[in-house]
Each structure stands twice: as structure tokens, then as C-alpha cells.
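The sequence lines fix the lettering, A, B, ..., with proteins before strands; numbering per chain opens at 1.
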Amino acid sequence: MSDEVRVRFAPSPTGYLHIGGARTAIYNWLFAKKHNGKFILRIEDTDKERSTEDSIKGIIDGLTWLGLDWDEGPYFQSAHIEEHKQAAQKLIELGWAYKCFCTKEELDAKREQAKKEKRPFKYDKTCRNLTPEEIAEKEKAGLPYCIRFKVPEEDGVISFDDVVYGKIERRFKDIEDFVIVRSDGSPLYLLSNAVDDIRDKITHVIRGQDGLANTPKQLLIYKALGAKIPVFAHMPLTLDLKKRKISKRTHGEVVSVQFYREHGFIPWALVNFLVLLGWHGPDDKEIYSLEELIEAFSLEGIGRANSIFNYRPGDPKFFTDPKALSINAHYLRNLPIEEIASYVKQEFLREGLWNPAYEGEKRKWFLETLDLIRTRYHTLKDFVNLGRAYFSDEYPFDPKAVKKNILKHPELAKWLPELAEKLEELEQFTLENTEEVIRNFAEEKQIKAGIIINGIRTVVTGQSVGPGLFDVLVAIGKDRVVKRLKATPSLFEQKDLQ
RNA sequence: GGUCCCAUCGUCUAGCGGUCUAGGACGCCGGCCUCUCACGCCGGAAACAGGGGUUCGAGUCCCCUUGGGACCGCCA
């Protein structure tokens, strides 16, 4: 099938997968899914100075974690260097390229001079018109040369229709004779990328807007090589609050996909957030299932303005873009509980909180408990931190909660153990029974039920906030509740909490 | 500096000449619910960068200004 859609994600492995790259991958992946096409992963590892094995692994791990599966690859650009060189050779033979013997020093000097005279620098084509004899002579002398593309000198333009930016035109005279092969014989990105896309039969190039400016040059290569030109779709960039392009160097871990994995994000929630950064569906829908997103996705929904990743370093409440957190929280409380359970299991295993019975005789209890506590959580980490008391007898006490709900009422040291005795006598530890006992107890002591209730919550969960108390008690269970309530006086002894 | 791109609430965005006293989402504020905190529900504050045109009519089309971004490497 010659009209099959083929797209690719072609990262250079010079660092971890960051959210900008992930977004590009997501758009390509969705486009392929939408059109029953192929999504190809190609690692552009020809910059040996900066490419690392770790980066390659990081990119693959990141894509895998996000669930972005590829149909072909990973291919490696470095495996095709010979092919790129041959393409350059062919361009020379066809008269579309020439050998340039200018040295880097000469060019730097000219560049410097141009800068001094405040005039734009463009290669002056010194070597474009060398005679075959001159070339042979220089080659015989062993002078190194790079290969430059011969940009047409006529008064024309090269133009293309970008799916998101519309018609883009560039005058030939504004394009310099760019280098396609270095003097050490190695091909440059502009060439390699085009040759690879031609070989991989890429039909749609979906990439960042930073590629927009060199698309005309690549178009020239496509044409010179007689290749079919793919459809181009450039997507706006993701900027920080100061409108700087996001990068590892300036933003650190918060822009890496790995960061979200380590901070309790559900992969699909991140995908959902990222896809919304610069894209809008046909209606006001913002939360999408995979099927819905594939159905709704189109290149036409991509906006033209750069979008800002709304993350404020040092914000105590939001460690990343609030909307990302909000979408994650949404999935946390709306996904089928079984799915949440499998994510929580991973977290528990890491923390040593996992109990195999959660998949056996305690399965029902486990799911019900997760369902009880999940509505107020934002990340998977909250299950092991805020929710620890439900799964372990070793749980932290929030000092503020202890101060407010326990220490303020010294009588609790006496009351709660007394209440524990009453609860212990219950045959059926149910919502109704526990509520009855506790409310009666409050009445008997002539205090507001709220004081007792909040006190108990703090003692048995370590926190001042959480689900309705009686649900909490039933979830934690009679034995553990009684034991914890009896230990209330010990909270008064921990001076460091006061 | 040269070439190109962009411009609606704090942020992500809807809007493709009249239905815009500009809609949704996140965040923020207030209320309801209530044993707390969330969830949920209800309500609120919050934007068409500025100036010229075109038109009966402009957020929507054109121009200029301003602001922002990208590219300008023998990096990818």
C-alpha cells in the first residue's frame, strides 16, 4: 500500500526524554493510530560527542512508560552514514552540490568581518564556481573539503504548505549554500535526516516549530534527489513561564518524563495533559480515553502559538503544572479501581508495603480501601504517604494534626482508651455500630461529637483530614483501631510534636 | 542584525464577519454538603496587546506599532 501513513519520532539521544519531545512523539503516534499508519522510532545518534547509551535507554524507557508503542525501529541514523555520503555524491554528480575548500578559519574570519560591518553573513560561494581543473588540483594537494548544496541562483522561491502554519515561502537568495558533508567526510543533519525520511518512506513530518526554518533547505534536498515530498506539520514549542524554550539545563528534572514517573503520575494522565498543550479537540472535552483521543485527534487542531508549561519553581502547593496535577488526580479517582490497584501495587512493592494477600483473601478489602481514600489524592505517592496508616502500623503523625485535634484536648488521653474498651466489645464492627457507640460516648461525656471524631481520626490515621470517620474505622478494622486508641496517651509524651 | 513565525482570562484554549454583554478547563475566591479534608454541585472575579483601515457590521480580514519566539554552525 503506497498511500500508507508513515510518521516518525526522531530524537537525538543527548539527554533524557523531556516533555517537549514526548509531546512530539504523542502527536506522531496519535496521527499514525488515527490513520492506521506506522509510527517509526529513529534515533538520530550521529553526534557521537553528545550521544550516549543512557540517553537511548532513557528515551526508550520513557516512550514505553507512556505507552507510545512504535511499529518499526528503533532505527539508528548512525547505521546509514554510508547511504548519506552516497546521496551527497549523487548530488555532486547531478550538479546540485559542490566541494568547498574554504577552511573553518577563513569562514570564521569572514563571519567575524560581516558581524563587524553589521551585515548578515552568508557563504560567499567562493568555491561554487571552481573549474574542474582547480578542484582536481586542490584535491591532489590533499586539501580537505566539505560539500555544499548548490542553492538555485534564479529569482525564485521555494514554498510548501505547512498543515499548521499554512503556506511558507522562502526566497532562494535568502538561503545560503549550506554544508551537507563535513570536511572529515561525515554527513550533516540536514542531509541525513532527509535521506532517512526518504528511505523510511515518511509521509508526514510532524515536528517542533524549530524545524520550520530549515524545512526549505530540506525541501531543496528532496527535490534534487527526486524524492516525493512529505506533508509537513510544525507544532508550536513549549516554553517556560519566562517564555524560554524548556530544557534540561535550565529546568532540571521537572521537564523530564522520568520525573513524572517518579512522582506518582499515571502515564496516560501525562499523555492527556501533554496532548492538550497546544492542541484542542472538536469540542470542549478535555479528558480523553485512548479510543476517544484517536477519534478526536487531527493535525488541524494544533494551534499556532507557543504554549507555556505553567510550572513555578518553589511553589509549595504545585510541584508541576497545576493542570497536569489536576488531570492526574482526575484519573486517580475515576479510573476503574482495579487499574488503580495495579499502579498502587508497584508503589507498595517499592516501599515494602505490599502484602500478597491484597491479591488474595484481602483483595476485596484492598480495593474498597483504595476506593475510599483516593478522592483526595493527587498522585500515586499519596497512597504510600498520606494513606500509610491503612496499610501499616508504622505511620507518621502530622504534627499540626496532633496539636490541633489531640493536645488541645488533654482529656482525650483518658477518653480514647476508655472508648476503645467499648469498641472492643462490639460483635459487629460496622458503620452503624461504631457511630452509635461513639456518639453515645460523646453525649455521655457531654462534649461535641466532633472533638471525639477528629481526635480519633488523628490517632488512627495520623492526620486531621480524610474520609468519614466511621468508614475509616471499618477500613482499618477493630483490632488495629482499638490498639491505636489505647496508645493515645503516648502522643502526649512525644514532646517534639508540641 | 538578517529571514521567518506567533499574539483571546494568571495558564491551556474555543472563536474560522453578525448567534461575543467573548465560551470551556486548570488555578483563585465565595456558597451548599459536612465529624475534618477532598469529591460533587452552585455562584464569582479574570482576556480580545495598541493604533489605523476594509465593511452596514471585526476578537474574527488587511496594514503599522509593540511584545514574544524560532532559525541564521563543517549541532541535531
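In this structure B:C41 sits in a base pair with B:G31, meeting the Watson-Crick or G-U test at under 3.5 Å. Pairing partner, B:A25: B:U11, with both Watson-Crick or wobble hydrogen-bond distances short of 3.5 Å. For B:U3, the paired nucleotide is B:A70, the pair qualifying as Watson-Crick or G-U wobble because both relevant distances are below 3.5 Å.
Whole-Å rounding puts the A:Phe273 CZ to B:C12 P distance at 10 Å. Distance A:Tyr311 OH to B:G27 C1': 18 Å, rounded to the nearest Å. The CZ atom of A:Phe76 sits 16 Å away from the C1' atom of B:A76 (whole-angstrom rounding).
Among the atoms of the strands shown, base atoms are found under 4.0 Å from some heavy atom of A:Arg457. Among the heavy atoms of the strands lying under 4.0 Å from A:Arg50 is at least one base atom, whether or not backbone atoms are also near. Residue-level contact check: A:Gly278 touches the backbone only, with heavy atoms under 4.0 Å from sugar-phosphate atoms and none from bases. Across all strands, A:Ala449 comes closer than 4.0 Å to no nucleic acid atom at all (heavy-atom distances). A:Pro236 comes within 4.0 angstrom of no nucleic acid atom, judged by non-hydrogen atoms across all strands. Within 4.0 Å of A:Gln463, counting heavy atoms only, lies no atom of the nucleic acid at all. Within 4.0 Å (heavy atoms only), A:Asn214 reaches at least one base atom of the nucleic acid. Using a 4.0 Å heavy-atom criterion, one finds that A:Lys317 contacts the sugar-phosphate atoms exclusively. As judged by a 4.0 angstrom heavy-atom cut-off over every strand, A:Leu469 is placed among the base-contacting residues. The residue A:Ser12 sits close only to the backbone: its heavy atoms come under 4.0 Å of sugar-phosphate atoms, none of a base. Heavy atoms of A:Thr14 sit nowhere under 4.0 angstrom from any nucleic acid atom. Residue-level contact check: A:Leu190 touches neither bases nor backbone, having no heavy atom under 4.0 Å from any strand.
Between the C1' atoms of B:A58 and B:G52, the separation comes to 13 Å (whole Å). Rounded to a whole angstrom, the distance from the C1' atom of B:A14 to that of B:G23 is 6 Å. Comparing B:G27 with B:C39, their P atoms sit 8 Å apart, to the nearest whole Å. B:G15 and B:C61 are spaced 12 Å apart, taking the P atom of each and rounding to whole Å. Using P as the reference atom, B:A45 and B:A22 are 11 Å apart when rounded to the nearest Å. Comparing the same atom, P, in B:C16 and in B:U60 gives a spacing of 13 Å after rounding to whole Å. The separation of B:G59 from B:A76, taken at their P atoms, amounts to 48 Å, rounded to a whole angstrom. Going from the P atom of B:A47 to that of B:U11 covers 12 Å, rounded to whole Å.
Contact between the side-chain N/O atoms of A:Lys173 and the OP1/OP2 oxygens of B:U3 is not found at any separation under 4.0 Å. For the OP1/OP2 pair of B:G69 and a distance below 4.0 Å, the side-chain nitrogens and oxygens of A:Arg244 include at least one atom meeting the criterion. Within the 4.0 Å cut-off from OP1 or OP2 of B:G1, not a single side-chain nitrogen or oxygen of A:Arg119 is found. Within the structure, every side-chain polar atom (N or O) of A:Arg207 is placed at least 4.0 Å from both OP1 and OP2 of B:A76. Distances shorter than 4.0 Å separate none of the side-chain N or O atoms of A:Arg304 from OP1 or OP2 on B:G69. Between A:Arg111 and B:C74 there is a side-chain N or O to OP1 or OP2 distance below 4.0 Å. In this model, the phosphate group of B:C4 is approached by a side-chain N or O of A:Arg171 to a distance below 4.0 Å at OP1 or OP2. Put simply, A:Lys245 has a side-chain N or O that comes within less than 4.0 Å of OP1 or OP2 on B:C71.
The nucleotide whose nearest atom lies closest to any side-chain atom of A:Glu176 is, among B:G73, B:G69, B:C37, B:G73. Between B:C74, B:C12, B:U11, one nucleotide has an atom nearer to the side chain of A:Leu276 than all others, and that is B:C12. Looking at the side chain of A:His280, the nearest of the listed nucleotides B:A14, B:U36, B:C4 is B:A14. Here the side chain of A:Ile308 is nearest to one of B:G40, B:G68, B:C12, namely B:C12. When distances are taken from the side chain of A:Asn454 to each of B:G69, B:C35, B:A76, the shortest belongs to B:C35.
Screening residues 205-219 of chain A for salt bridge (Lys or Arg N to Asp or Glu O under 4.0 Å), with sequence neighbours left out, gives A:Asp210-A:Lys245.
Comparing A:Gly211 and A:Ala10, the nucleotide of RNA chain B nearest to each residue sits closer to the 5' end for A:Gly211. Nucleotides of RNA chain B nearest to A:Asp471 and A:Glu286 differ in position, and the one nearer the 5' end is that of A:Glu286.
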### Test log, rule salt bridge (charged side-chain N to carboxylate O under 4.0 Å, His left out), inputs A:Arg199 and A:Asp196
CA-CA 5 Å; A:Arg199 183 197 54 250; A:Asp196 286 343; 2.9 Å; yes
### Message
Checking A:Asp177 against A:Tyr98 for the side-chain hydrogen bond (donor to acceptor under 3.5 Å, both in side chains) test, could you report, in this order, the C-alpha distance in whole Å, the side-chain angles of both residues, the deciding distance, and whether it holds?
### Response
CA-CA 9 Å; A:Asp177 284 353; A:Tyr98 60 92; 2.7 Å; yes
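The base of B:G69 is not paired with the side chain of A:Gln209 by any donor and acceptor separated by under 3.5 Å. No hydrogens or angles were tested; on distance alone, nothing pairs the side chain of A:Ser307 with the base of B:C12 as donor and acceptor under 3.5 Å.
By the neighbour-count criterion of 12 heavy atoms within 6.0 Å, atom CD of A:Glu444 is densely surrounded, having more than that number from other residues, nucleotides or ligands. No more than 12 heavy atoms of other residues, nucleotides or ligands shown are found within 6.0 angstrom of NZ on A:Lys422.
For residues 318-328 of chain A, proximity to RNA chain B is found at A:Phe318, A:Pro322, A:Lys323, A:Ser326, defined as any non-hydrogen atom under 4.0 angstrom from a strand atom.
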Using residues 471-478 of chain A as the side-chain source, report each donor-acceptor pair under 3.5 Å to any protein atom, sequence neighbours left out, with the distance given to one decimal.
{"unit_1": "A:Lys478", "atom_1": "NZ", "unit_2": "A:Glu424", "atom_2": "O", "d": "2.9"}
{"unit_1": "A:Lys478", "atom_1": "NZ", "unit_2": "A:Leu426", "atom_2": "O", "d": "2.7"}

Could you go through residues 301-313 of chain A and list every donor-acceptor pair under 3.5 Å that involves a side-chain atom there, pairing it with any protein atom two or more places apart or in another chain?
{"unit_1": "A:Asn306", "atom_1": "OD1", "unit_2": "A:Leu237", "atom_2": "N", "d": "2.9"}
{"unit_1": "A:Arg312", "atom_1": "NE", "unit_2": "A:Asp315", "atom_2": "OD2", "d": "3.2"}
{"unit_1": "A:Arg312", "atom_1": "NH2", "unit_2": "A:Asp315", "atom_2": "OD2", "d": "3.3"}

Without placing hydrogens or testing angles, list every side-chain donor-acceptor pair under 3.5 Å for residues 102-109 of chain A, not counting sequence neighbours.
{"unit_1": "A:Thr103", "atom_1": "OG1", "unit_2": "A:Glu106", "atom_2": "N", "d": "3.1"}
{"unit_1": "A:Glu106", "atom_1": "OE1", "unit_2": "A:Thr103", "atom_2": "N", "d": "3.0"}

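The distance between the ring centers of A:Trp279 and A:Tyr288 falls below 6.0 angstrom.
With sequence neighbours left out, A:Phe178 forms a ring pair (Phe, Tyr, Trp, His ring centres under 6.0 Å) with A:Phe149.
With respect to A:Arg42 and A:Asp197, a salt bridge is recorded, a charged nitrogen being found less than 4.0 Å from a carboxylate O.
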